[in-house]
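Remarks on the structure that follows.
Just so we're clear, the structure is a prediction, and the values are computed from it rather than from any experiment. We number each residue from 1, following the sequence as shown.
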Amino acid sequence: MSTAEDFTQLPLLMWEKVFAKVKKAVVFMDDRCAEALHWSGGAAALLQAGARNVKQFSSFEACGENEPKAVFVVSTLLKGRTVDIIKDIILLSHFQYCVVFTAVPHSVHLFANNVSTEMEGFPVFEQFEEKLCEWMGNMNYTAEVMHSPVVFAHVSQQLIVASPFAHLFPLLPADLESINAKRPEKKRFGTLNDLDGHSLPVELQIEIKSLVSALNSMFEAAGMREESFAVGPMSRIIAGELANHNQAKNRRKTAPNKASIIFIDRTMDLTGAVGHHGDNLAEKILTVLDPLPGHVTDVQVDMLELTSVQRTPHSQNTVAPGCLAQNQSSSARLLWETMLTSKHKEALMEVRRHLVEAATKEKLPIKMSMGRVTPDQLCSYVKLFRSSWEALESHCGVLQLGLATAQTLRHPNLARWDSCLGFERLLLQALGDSDFPAVLRQLLPLMKPRGGEDSSSSGSRLGQDECGPDELILLLIYLYTLAEEAQDSADGGEEELEKLERELIGALTLVVTRETELSPLLQSLTGCAAAEELTTERAHSAVGKMFETLRGLSHMRDHLKQLRSVYTASDGVHQASYRPFLRQILEEVFHPDRPECPDIEHMSGGLTDLLKTGFSMFMKVSRPRPRDNPLLFLFLVGGVTPSELRLVKDTVAALKPGTQVLVLSTRLLRPADIPELLFSTQRLRPDVGF
């Protein structure tokens with residue numbers, strides 16, 4: 001198994017171990033594993049394998065006397081809250097046979113229990129099996145505990161997402177301060193790049209070790225021998241862990257297929273992640289539609305258009321929502337690929353074409369129309385399928401993608417996308433002509449509460465196209481990531497910047513406190529679930545801490561020697577522009593005339609690599625380079641945007657046609673995800689089940 005297409009089949013292969021155990025069982029699964037399975041067949045795959053039912057992993061769930069077998073699938077350690085929930089479910093049920101699958105390997109369980117030496121067998125799992133029998137009430141009942149790396153989601157032919165690691169994000173300067181605060185003064189780290197895995201909090205170490213183990217399992221199933229490279233502090237730690245992983249070392253000795261993997265920190269280019277320059281339909285769908293409950297990547301698609309249910313304020317929960325993960329239909333999969341990796345207009349035309357072809361195939365009375373694709377036009381095509389249950393069932397995947405497109409095009413928040421894009425372009429041009437405080441000051445007039453004197457209607461400043469607090473925060477991140485590109489400030493620039501930041505903090509605090517409803521981002525930022533809980537002091541404190549994080553964003557590429565900028569200044573003929581970091585990486589990798597890039601660091605995995613590195617200082621010994629192998633993986637730690645997937649596809653096709661490149665990541669990003677990840681209090685201590 002050596003091609004990118006073959007590799008995308010591996011996430012489903014990882015579930016085979018689970019499918020083999022679910023016959024006649026009730027399956028309890030946590031949200032993270034459920035999301036991974038969602039893109040590989042969902043609950044239907046479990047039911048086809050013989051499961052009797054699929055339930056949420058919750059203390060409020062249980063089974064009846066006629067359901068003696070349970071299978072638990074969890075993404076966390078078998079400790080703490082996870083153990084409590086399993087115990088609660090078993091005590092409320094009448095099980096005689098329990099199987100527990102954890103995505104965390106036994107070696108990491110040993111590490112979490114402070115066992116540093118390798119042990120024979122699986123003592124932690126064996127002890128837990130005894131506990132299961134104890135809770136079932138009979139030591140002669142059957143209990144099995146095993147590891148299965150069910151963490152990967154096959155989102156597209158070009159992208160595999162490790163959804164249980166969606167909140168794993170590269171380290172920031174503020175994290176360095178937290179780590180140093182607990183170390184003796186003489187042992188403190190100077191920069192993020194000096195950090196090693198052992199210096200991280202134990203929860204983060206567990207998260208990284210679990211991810212590396214899952215990657216090793218994938219490579220083992222593919223018979224892959226990889227060379228690891230890294231760009232960024234967190235990527236260095238992850239790539240180093242993979243290079244020195246004991247099982248990975250043994251695998252690489254005999255694996256027949258070669259590949260390269262480059263780990264890249266998302267913080268090397270936050271400009272691209274929060275920007276609205278992506279001419280991409282999928283990115284807009286992910287931005288404006290509500291997330292599917294319990295999911296990070298997928299969204300809810302309103303299915304009322306396919307029914308005769310009358311739309312009322314309460315009808316939203318009457319019909320189960322649709323989604324973007326359509327793996328049963330080949331035409332729907334093809335359409336999703338187009339939406340993900342094509343330009344906005346091209347994708348719209350493809351959505352219309354697929355709907356027209358589906359209606360024509362079913363001989364439905366469709367009225368053809370050319371020209372611009374409109375939401376009403378798409379909905380009129382979708383409604384034709386209401387008259388035929390067989391037609392609706394046959395084309396349900398395409399219909400859901402068509403509805404997602406129509407609902408995005410008519411969504412009131414879509415106008416804000418164009419507003420943000422306009423502001424970003426203005427700020428980009430201003431950076432080359434002014435110092436940073438002067439550019440930052442341009443955001444001050446935008447920071448006015450909704451429903452103020454300038455509003456044209458209640459609850460809106462100048463209409464739906466105006467920026468709310470979420471968009472203002474995105475613009476601040478966009479600008480701070482480019483702060484180093486501005487002209488040098490005159491004397492007193494630091495004082496001017498501090499004074500301006502105090503003004504911005506005050507203005508943004510007022511904007512946030514005047515909100516009648518808190519968005520998910522504001523809830524995360526302030527720690528308040530409702531606007532009524534939010535006080536001015538709490539909002540001011542949260543915004544102040546946010547600015548502390550923002551100040552460090554402009555220095556994330558300081559340790560790099562060559563790829564230090566994502567900005568191209570105006571030359572009088574061409575306007576200033578954003579230059580994606582990912583494109584620069586691919587150009588360094590595939591351009592035949594480029595020398596070895598010092599910023600793409602090769603991670604040694606053994607004595608042979610170290611000897612090669614040492615001898616290369618005295619004689620011509622070629623060190624491994626990413627382009628040496630027929631298959632290249634790009635692993636973006638912290639997420640990848642749909643626009644970047646298209647960028648990878650187009651850049652590789654232009655530089656080296658026919659090359660196989662597969663993107664791996666922790667999540668598929670929408671712009672609003674970045675502030676939640678940046679300002680999260682759990683970044684250093686993720687939830688691993690303690």
Side-chain angles (χ1 to χ4, degrees), residues 7-22 27-49 51 54-58 71-78 82 99-105 108 146-168 206-208 210-222 286 291-299 323-328 333 336 340 633 635-640 662-669 673 686-689:
F7 204 88
T8 57
Q9 303 308 311
L10 290 177
L12 183 58
L13 191 66
M14 298 295 167
W15 283 93
E16 291 299 327
K17 200 171 173 182
V18 177
F19 294 158
K21 291 287 183 181
V22 299
V27 181
F28 296 87
M29 189 179 299
D30 70 16
D31 287 347
R32 293 172 177 180
C33 288
E35 179 164 16
L37 181 62
H38 174 71
W39 292 89
S40 296
L46 291 169
L47 297 173
Q48 286 167 11
V54 183
K55 295 191 175 188
Q56 188 176 15
F57 184 66
S58 164
V71 173
F72 298 90
V73 187
V74 296
S75 59
T76 53
L77 287 166
L78 298 178
T82 300
V99 184
V100 176
F101 287 96
T102 171
V104 181
V108 178
M146 58 193 83
H147 162 242
S148 187
V150 287
V151 299
F152 294 105
H154 171 205
V155 174
S156 82
Q157 284 302 108
Q158 195 185 346
L159 175 66
I160 291 176
V161 169
S163 47
F165 302 95
H167 297 283
L168 180 65
I206 287 169
E207 188 97 327
I208 290 170
S210 299
L211 173 60
V212 165
S213 174
L215 282 171
N216 177 64
S217 297
M218 285 262 280
F219 288 141
E220 191 169 341
L286 291 168
L292 202 60
H295 289 245
V296 174
T297 300
D298 211 342
V299 296
C323 62
L324 302 176
Q326 304 299 329
N327 32 48
Q328 304 299 320
R333 282 200 305 270
W336 169 239
L340 203 55
F633 297 100
F635 194 114
L636 280 94
V637 181
V640 63
L662 186 64
V663 179
L664 307 175
S665 191
T666 48
R667 65 194 293 162
L668 186 61
L669 284 171
D673 291 335
D687 181 10
V688 292

For this session: Decide if the gap between the ring center of Phe28 and the ring center of Phe57 is smaller than 6.0 angstrom.
Result: no
For this session: Establish, yes or no, whether a centroid distance under 6.0 Å links the rings of Phe219 and Phe633.
Result: yes
Any side-chain heavy atom of [X] within less than 4.5 Å of one from [Y]?
X	Y	value
Met218	Phe7	yes
Val73	Val100	no
Phe19	Gln48	no
His38	Leu292	yes
Leu324	Val299	yes
Arg667	Asp673	yes
Phe101	Val150	no
Lys17	Ser148	yes

Considering all heavy atoms, the nearest [X]-[Y] contact:
X	Y	result
Ser40	Ala45	O-CB, 4.3 Å
Ser217	His147	OG-CE1, 4.4 Å
Pro11	Phe152	CB-O, 3.4 Å
Thr297	Glu35	N-OE2, 2.7 Å
Ala49	Val22	CB-CG2, 3.6 Å

Seminar exercise, completed: dist Ser156:OG -> Arg333:CZ (nearest 0.5 Å) comes out at 12.0 Å
For this session: Starting at CG of Leu46, measure out to NZ of Lys21 and round the result to the nearest 0.5 Å.
Result: 15.0 Å
For this session: Check each of Thr76, Asp30, Thr102 against Thr82 using the side chain to side chain donor-acceptor pair (under 3.5 Å) test, and report the only one that passes.
Result: Thr76
Exercise. Any donor and acceptor pair, going by atom type alone, linking the side chain of Asp298 with main-chain N or O of Pro291 inside 3.5 Å?
Worked result: no
